[in-house]
Amino acid sequence: MSSNVLESGSTPERLDGIGVYTQELEAALRARGLNVHRIGAPMRRGARFVLPQLATARFPLPMSMLTAVSASFRTSLPFASAVERVIDVYHATDYLVPRLARTPVVATLYDAIPLSHPGWANPYLRSLKNWLLRKCAQSADAVIAISRAAVADLVEHYAIPASRIRVIPLGVDHQWFVRPPDRHIDATLREHRLTPGYFLHVGTLQPRKNLAALVTAYERLPAGVQAQRQLVLVGKYGWGVEALRDGLRARPPGGRVVWVDYVSGEALRSLYYGAGAFVFPSLAEGFGLPVIEALAVGLPVIVSRIPALTEIAEG
């Protein structure tokens, strides 16, 4: 069997959560002996992911737009016949779910937050994007939910029958359980002027992450606690929290509240291993991957009491 994975448009240097999921999924499938092809934006510099059968194909629109048109008008992709000759399963990991006439399509849907909490989603073309989300989701023959808590929202907001949904929680690679060399941890902390033992948060800066409240709560701690433990926010800027972003940028390097814009790989693991506790006060999640990364590292974890987080952090 071969599996064709359509991934998000993340760049190799700045993978988002969907990009990390897709990258790790591909590695796991290949480790099981499956032949995995890629369609879409490459994740690694210099790599080629377009099927050989499509190498000379000319697409009138970007892949994302072709997929959206396919789902919206319930027609097969323009190159469907070429794809279906070489794959057994098409796995969409980025909400862009096409229709294929003869090949099963599985989609991983992480949450329904843009539909269930539109105020916490980017307002740009929101109505159109939500309409496309529903259309694309309904094109899948089978749907993967990443937590039990997400299932009810997928059924309600995407109108997907529960019988088509399977729950497969996210996981972490074995490397998360292995402490990086102390010299690497020390170098990473020196680079960002951090003192070991800080409170850590990892995630994109956006409204539902509740980070303004986290900063406020931290600043209400006794001065002695703040002196001993910095608050470190790791993640790229998303949207909708300009005041928070500007306030973080204005803070001096090495101060009590530190924003580390983006890191990946061993540098990110080093930041986890240099922390004293992990804090994740999100208002809405389909899963919360940074929480299990922190648990794998062995950090004490504080999470908000929402269904997905209480499910994955239980015990």
Side-chain angles (χ1 to χ4, degrees), residues 3-8 16-22 24-25 64 67-77 89-101 103-123 125-171 203-204 206-210 280 282-292 303-315:
S3 173
N4 184 38
V5 179
L6 169 68
E7 98 287 340
S8 71
D16 58 12
I18 294 177
V20 172
Y21 169 81
T22 305
E24 296 301 323
L25 176 62
S64 59
T67 306
V69 169
S70 166
S72 302
F73 294 97
R74 298 189 178 277
T75 59
S76 291
L77 285 168
V89 176
Y90 190 111
H91 189 161
T93 65
D94 62 355
Y95 292 98
L96 294 173
V97 189
R99 293 184 65 83
L100 295 176
T103 301
V105 176
V106 60
T108 300
L109 301 180
Y110 307 91
D111 56 58
I113 292 171
L115 306 176
S116 61
H117 298 88
W120 292 337
N122 194 323
L125 298 177
R126 179 188 295 158
S127 296
L128 175 60
K129 289 189 291 188
N130 287 352
W131 180 79
L132 286 173
L133 277 175
R134 290 190 185 94
K135 287 289 187 180
C136 285
Q138 292 165 6
S139 295
D141 298 293
V143 168
I144 294 173
I146 57 176
S147 66
R148 295 190 303 274
V151 173
D153 281 347
L154 298 184
V155 171
E156 177 181 356
H157 296 284
Y158 291 117
I160 298 171
S163 60
R164 286 164 52 194
I165 301 175
R166 298 292 182 270
V167 177
I168 304 178
L170 302 183
T204 301
Q206 56 180 298
R208 66 182 173 90
K209 297 299 184 180
N210 204 22
F280 201 74
S282 182
L283 300 172
E285 293 290 335
F287 188 83
L289 181 60
V291 173
I292 61 170
V303 298
S304 50
R305 191 177 295 277
I306 61 175
L309 297 183
T310 55
E311 175 184 328
I312 68 170
E314 182 181 5

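Numbering starts at 1 and runs along the sequence shown.
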Distance in Å, [X] [atom1] paired with [Y] [atom2], rounded so as to fall on 0.5 Å steps:
| X | Y | atom1 | atom2 | answer |
| --- | --- | --- | --- | --- |
| L109 | D153 | CG | CG | 11.5 Å |
| T93 | I144 | OG1 | CD1 | 10.0 Å |
| I312 | L289 | CD1 | CG | 8.0 Å |
| Q206 | S282 | CD | OG | 8.0 Å |
| I18 | D94 | CD1 | CG | 6.5 Å |

Exercise for the section: Examine the side chains of T108 and Y21 and answer whether a donor and an acceptor come within less than 3.5 Å of each other. Expected result: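 Indeed, the side chains of T108 and Y21 share at least one donor-acceptor pair under 3.5 Å.
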Handout entry: L309 side chain reached by R305 side chain, heavy atoms, under 4.5 Å
Key = no
What heavy-atom pair brings [X] and [Y] nearest, and what distance separates the two atoms?
| X | Y | answer |
| --- | --- | --- |
| S139 | P98 | CB-O, 3.9 Å |
| S147 | A308 | OG-CB, 4.3 Å |
| V291 | A313 | CG1-CB, 4.3 Å |
| T310 | S304 | CG2-O, 4.5 Å |
| I146 | G286 | CG1-O, 3.7 Å |
| E285 | I306 | N-CD1, 3.8 Å |

Exercise for the section: Please list, chain by chain and in numerical order, all residues satisfying side chain to side chain contact (heavy atoms under 4.5 Å, CB included) with T103, sequence neighbours excluded. Expected result: E84, I87, L100
Exercise for the section: Tell me, please, which residues at least two apart from Y95 pass ring-ring contact (aromatic ring centres under 6.0 Å, His included). Expected result: Y110
Let me have the donor-acceptor pairs involving side chains of residues 155-168, under 3.5 Å, with sequence neighbours excluded, atom names and distances please.
| unit_1 | atom_1 | unit_2 | atom_2 | d |
| --- | --- | --- | --- | --- |
| Y158 | OH | D111 | O | 3.1 |
| R164 | NH2 | A140 | O | 2.4 |
| R166 | NH1 | S163 | O | 3.0 |

Practice task
Using atom types as modelled and distance alone, determine if a side-chain donor or acceptor of E311 lies under 3.5 Å from a backbone N or O of R148.
Solution key: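 The answer is yes, because a donor-acceptor pair under 3.5 Å joins these two groups.
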